[in-house]
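Below: the structure, in structure tokens.
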Amino acid sequence: MEELKQKISQEGKVLSESVLKVDSFLNHQIDPVLMQKIGEEFATRFTKAGITKVLTLESSGIAPAVMTALQLGVTTVIARKRKSLTLIDDLYSAEVHSFTKQETSEISISKDYITSKDNVLIIDDFLANGQAALGLMDIVKQSGAKVAGIGIVIEKGFQPGGNQLRERGIQVESLAIIESLNGGKVKFKEEVSI
Ligand code: 5GP
């Protein structure tokens, strides 16, 4: 997605050879116009998949997931990272190791919001080692629903998550794929048009 790549080039900050900071439009501030276009792009890519729910992980996946769900005419379910007084029982849970925080946390959703009849699109902001996506897939599996695909705003193609998920036969759609962050510069993977 050209507009996203331009935004990353202009505003992204390379923190190390494996971490990109995009706080100005995705992780801290949110650019709603860009998010809307991201939602339209995911909806187009999964338009024939018969999606009934969009599932994401708090907090940075929420904006692109809501915009995608709006376009698809379905609701968004947010997997919560912290147990709260209102999220107490009848949960599906999975363990996720965070690449950026270097800690493992339990993510959960209420059993009320995804059922065996659902066809779920998973959306997240970044794909690195695939831990967040695998945790969300685990939750969908527990519910008996189907994973229709995974939509990622920024995939770091030099980390193994994307390949591991695609090798399992899952449709993974990433709107920008980064080939490397070496030398403090963002290099995108060229898209091959068929
Ligand atoms: P994974 O679970 O695929 O290893 O990592 C994906 C998760 O870690 C995303 O939900 C995202 O929040 C975070 N993450 C991974 N790499 C980056 C990065 O380079 N920059 C930012 N801002 N977040 C990242």
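Numbering of ligands and ligand atoms starts at 1, following listing order. All residue numbers refer to positions in the sequence shown, counting from 1.
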Checklist entry - For A128 and ligand 1, does the shortest N/O to N/O distance drop below 3.5 Å? => result yes
Checklist entry - When only distance counts, is G130 in polar contact with ligand 1, meaning an N/O pair under 3.5 Å? => result yes
Checklist entry - Tell me, do E179 and F158 make a side-chain contact under 4.5 Å, heavy atoms counted? => result no
Checklist entry - Side-chain contact, heavy-atom cut-off 4.5 Å: E40 with M35? => result no
When you measure from [atom] to every protein heavy atom, which one gives the shortest distance, and what is it?
atom	answer
atom 4 (O) of ligand 1	N129 N, 2.8 Å
atom 24 (C) of ligand 1	T100 CG2, 3.4 Å
atom 17 (C) of ligand 1	K156 NZ, 3.4 Å
atom 21 (C) of ligand 1	F126 CE1, 3.3 Å
atom 15 (C) of ligand 1	F99 CD2, 3.5 Å

Checklist entry - If you round to the nearest 0.5 Å, how far is CD1 of I122 from OG1 of T68? => result 13.0 Å
Checklist entry - Can we say D31 and K7 salt-bridge, meaning some charged N sits less than 4.0 Å from an Asp/Glu carboxylate O? => result yes
Next on the checklist: If the threshold is 4.0 Å, N to carboxylate O, is there a salt bridge linking R80 and E58?
Outcome noted: yes
I'd like to check which ligand 1 atoms, numbered from 1 as shown, lie under 4.0 Å from a non-hydrogen atom of [X].
X	answer
V19	19 (O)
D124	9 (C), 10 (O)
N27	22 (N)
L127	3 (O)
Q131	1 (P), 2 (O), 3 (O), 4 (O)
A132	2 (O)

Checklist entry - Side-chain donor-acceptor pair under 3.5 Å between Q29 and S24, yes or no? => result no
Next on the checklist: Looking only at the side chains, is there a donor atom on one of T52 and D118 sitting less than 3.5 Å from an acceptor on the other?
Outcome noted: yes
For [X] against [Y], the heavy-atom pair lying closest together:
X	Y	value
E17	L181	O-CB, 3.6 Å
I30	A63	CD1-CB, 3.7 Å
T76	A69	OG1-CB, 3.2 Å

Heavy-atom contact under 4.0 Å between [X] and ligand 1?
X	value
Q159	no
L20	yes
S98	no
S18	yes

Checklist outcome for this item: Logged contact type for K21 with ligand 1, heavy-atom cut-off 4.0 Å, is neither
Checklist outcome for this item: Honestly, for D125 the part within reach of ligand 1 (heavy atoms, under 4.0 Å) is side chain
Checklist entry - If you draw a 6.0 Å radius around NZ in K13, do more than 12 non-hydrogen atoms from other residues or ligands fall strictly inside? => result no
Item to check | K53 side chain vs Y113 backbone, donor-acceptor pair below 3.5 Å | outcome: yes
